[in-house]
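Before any comments, here is the structure.
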Amino acid sequence: MKKASSLSELGFDANGAASGFFRPVADGLSTPTSHRRRLTKVSVIGAGNVGMAIAQTILTRDLADEIALVDALPDKLRGEMLDLQHAAAFLPRTRLVSDTDIAVTRGSDLAIVTAGARQIPGETRLNLLQRNVALFRKIVPALAEHSPDAILLIVSNPVDILTYVAWKLSGFPVNRVIGSGTNLDSSRFRFLLAEHLDVNAQDVQAYMVGEHGDSSVAIWSTVSVAGMPVLKSLQESHSSFDEEALEGIRRAVVNSAYEVISLKGYTSWAIGYSVANLVSSILRDQRRIHPVSVLATGFHGIADDHEVFLSLPARLGRGGVLGVADMELTEEEARRLRRSAKTLWENTQLLGL
């Protein structure tokens, strides 16, 4: 029998093979431009707990040749940089630079924005909106000027609306502006299911989509373990898995961030790992699927004239968003997603951008 290293050698046409799964984000943007091997630079804007957790995780995973840190507090910024530099003997060789001047980000391949007001106990992410938009008006145009070919990865909350803000203020094509979205929410969802099923969370396929926040949607219809659908099995073996129980699990995922904030004052480690996960997929051109905040116009009944960013499973690589999966949702899941989009659209309209 003939051995083959690819389906193409077995007679299957590889041209456009991914087109059945992914919808291009815009004409001509689904294929990344060619690039030559060179030093990779990542900038992190905001050296608070989240920004430093992200920088530290990127550093230990050896994802960049240079990391630039930017913050408004010079002493804290220098202290954070020195603290990381002093670990040089235990880490991959990565150049670390820092400055209060955003010009230090010049030539970045990826710029990660975490700067913003901290979410306080009891405060929703949408309540942060007005406090953070003003800051983005200062940060984003400067980033775009110094690194016109960069990919922007927005982490600051409310992340979906601020990703829209970054897109408008940067003038970048939509494939190069991404929000961290529900990548972390989906990890929390997978963790809860994995604990219940006594399996590794990496073997659970489950997505939270929509807003990174109170109106996020758990896509129960596609949850699987080892390719096996989970929901039907759970409902057959546990009569308690009714609609009320499923909504309770969704709320537990949403409220988990608030619980961490109430206990330690902020979240940091999980978002650090989540963002480093996205950075790896982008900079190493891994083309992995992540639920991240992208322009969702036209998906699942979202109006064509609503420029709203929310999380959908997207294929990420060196060109940013290479495509967005056109998931098969139940009518109830699609209805909830549209409701999430409506919430975000209404808040976005208040910005006047």
Side-chain angles (χ1 to χ4, degrees), residues 44-55 70-72 111-140 143 152-170 177-189 208-217 251 253-279 290-296 308-312 340-341 343-351 353:
V44 179
I45 296 83
N49 295 307
V50 170
M52 292 313 301
I54 291 170
V70 179
D71 198 88
I112 304 168
V113 182
T114 73
R118 181 187 294 177
Q119 188 175 4
I120 60 178
E123 182 182 34
T124 67
R125 294 179 179 94
L126 291 178
N127 285 341
L128 293 173
L129 179 56
Q130 293 300 337
R131 289 198 286 157
N132 284 333
V133 168
L135 183 61
F136 267 52
R137 291 184 184 276
K138 299 178 181 178
I139 291 173
V140 173
L143 280 175
L152 294 181
L153 179 53
I154 309 302
V155 182
S156 309
N157 278 317
V159 66
D160 302 294
I161 297 175
L162 290 179
T163 304
Y164 167 85
V165 171
W167 175 52
K168 287 295 186 180
L169 293 177
S170 67
V177 184
I178 307 167
S180 56
T182 57
N183 196 55
L184 177 52
D185 305 68
S186 297
S187 176
R188 291 166 174 151
F189 189 25
M208 300 284 290
V209 300
E211 178 201 1
H212 172 56
D214 300 338
S215 69
S216 62
V217 183
R251 285 198 304 269
V253 173
V254 171
N255 291 333
S256 58
Y258 298 132
E259 181 181 9
V260 174
I261 291 170
S262 69
L263 291 171
K264 60 178 273 190
Y266 55 90
T267 61
S268 57
W269 299 120
I271 188 62
Y273 283 108
S274 174
V275 173
N277 185 240
L278 299 177
V279 171
H290 298 271
V292 289
S293 192
V294 296
L295 184 64
V308 61
F309 277 71
L310 52 73
S311 285
L312 294 170
S340 186
T343 298
L344 292 167
W345 173 250
E346 289 171 351
N347 283 276
T348 300
Q349 288 300 98
L350 299 176
L351 305 178
L353 290 175

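Residue numbers start at 1 and run along the sequence shown. These figures come from a predicted structure and were not determined experimentally.
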Legend entry - Heavy-atom neighbours of Gln349 CD exceed 12 at 6.0 Å: yes

Legend entry - Backbone N/O of Ala53 and side chain of Ser268: donor-acceptor pair under 3.5 Å: no

Inset, instruction - Taking all non-hydrogen atoms of both residues into account, name the closest pair between Gly179 and Leu153 and its distance. - result: C-CD1, 4.2 Å

Legend entry - Sidechain-backbone polar pair: Asn132 side chain, Asn157 backbone, donor-acceptor under 3.5 Å: yes

Legend entry - Considering all heavy atoms, the nearest Ile45-Leu143 contact: CD1-CD2, 3.7 Å

Legend entry - Closest contact, heavy atoms only, Leu184 versus Ser274: N-OG, 3.6 Å

Legend entry - Leu351 vs Ile161 side-chain heavy atoms within contact, under 4.5 Å: yes

Inset, instruction - Indicate yes or no: at least one non-hydrogen side-chain atom of Ser170 is less than 4.5 angstrom from one of Leu152. - result: yes

Inset, instruction - Give a yes or no on whether the backbone of Gly210 and the side-chain of Ser216 come within a donor-acceptor separation of less than 3.5 Å. - result: no

Legend entry - Test applied, side-chain contact (heavy atoms from CB on, under 4.5 Å); reference residue, Val155; option that passes from Val113, Leu278, Ile54: Ile54

Inset, instruction - Starting at CG of Leu344, measure out to OG of Ser293 and round the result to the nearest 0.5 Å. - result: 7.5 Å

Legend entry - Shortest non-hydrogen contact from Val177 toward Phe309: O-CE2, 3.9 Å

Legend entry - Distance-minimising heavy-atom pair for Ile271 and Ser180: CD1-OG, 4.5 Å

Inset, instruction - Say whether, by atom type as modelled, one donor and one acceptor occur between the side chain of Ser186 and the main chain of Asn183 under 3.5 angstrom. - result: no

Inset, instruction - State whether the side chain of Asp160 and the backbone N or O of His212 hold a donor-acceptor pair below 3.5 Å, judged by distance alone. - result: yes

Inset, instruction - Might you confirm whether atom NZ of Lys264 has over 12 heavy atoms from other residues, nucleotides or ligands at distances under 6.0 Å? - result: yes

Legend entry - Closest contact, heavy atoms only, Leu169 versus Phe136: CD1-O, 3.5 Å

Inset, instruction - Report yes or no: do Tyr258 and Asp214 form a side-chain donor-acceptor pair below 3.5 Å? - result: yes

Inset, instruction - Verify, without hydrogens or angle tests, whether Thr114 (side chain) and Val50 (backbone) share a donor-acceptor contact under 3.5 angstrom. - result: no

Legend entry - Side chains of Ile178 and Thr163 in contact at under 4.5 Å (non-hydrogen atoms): no

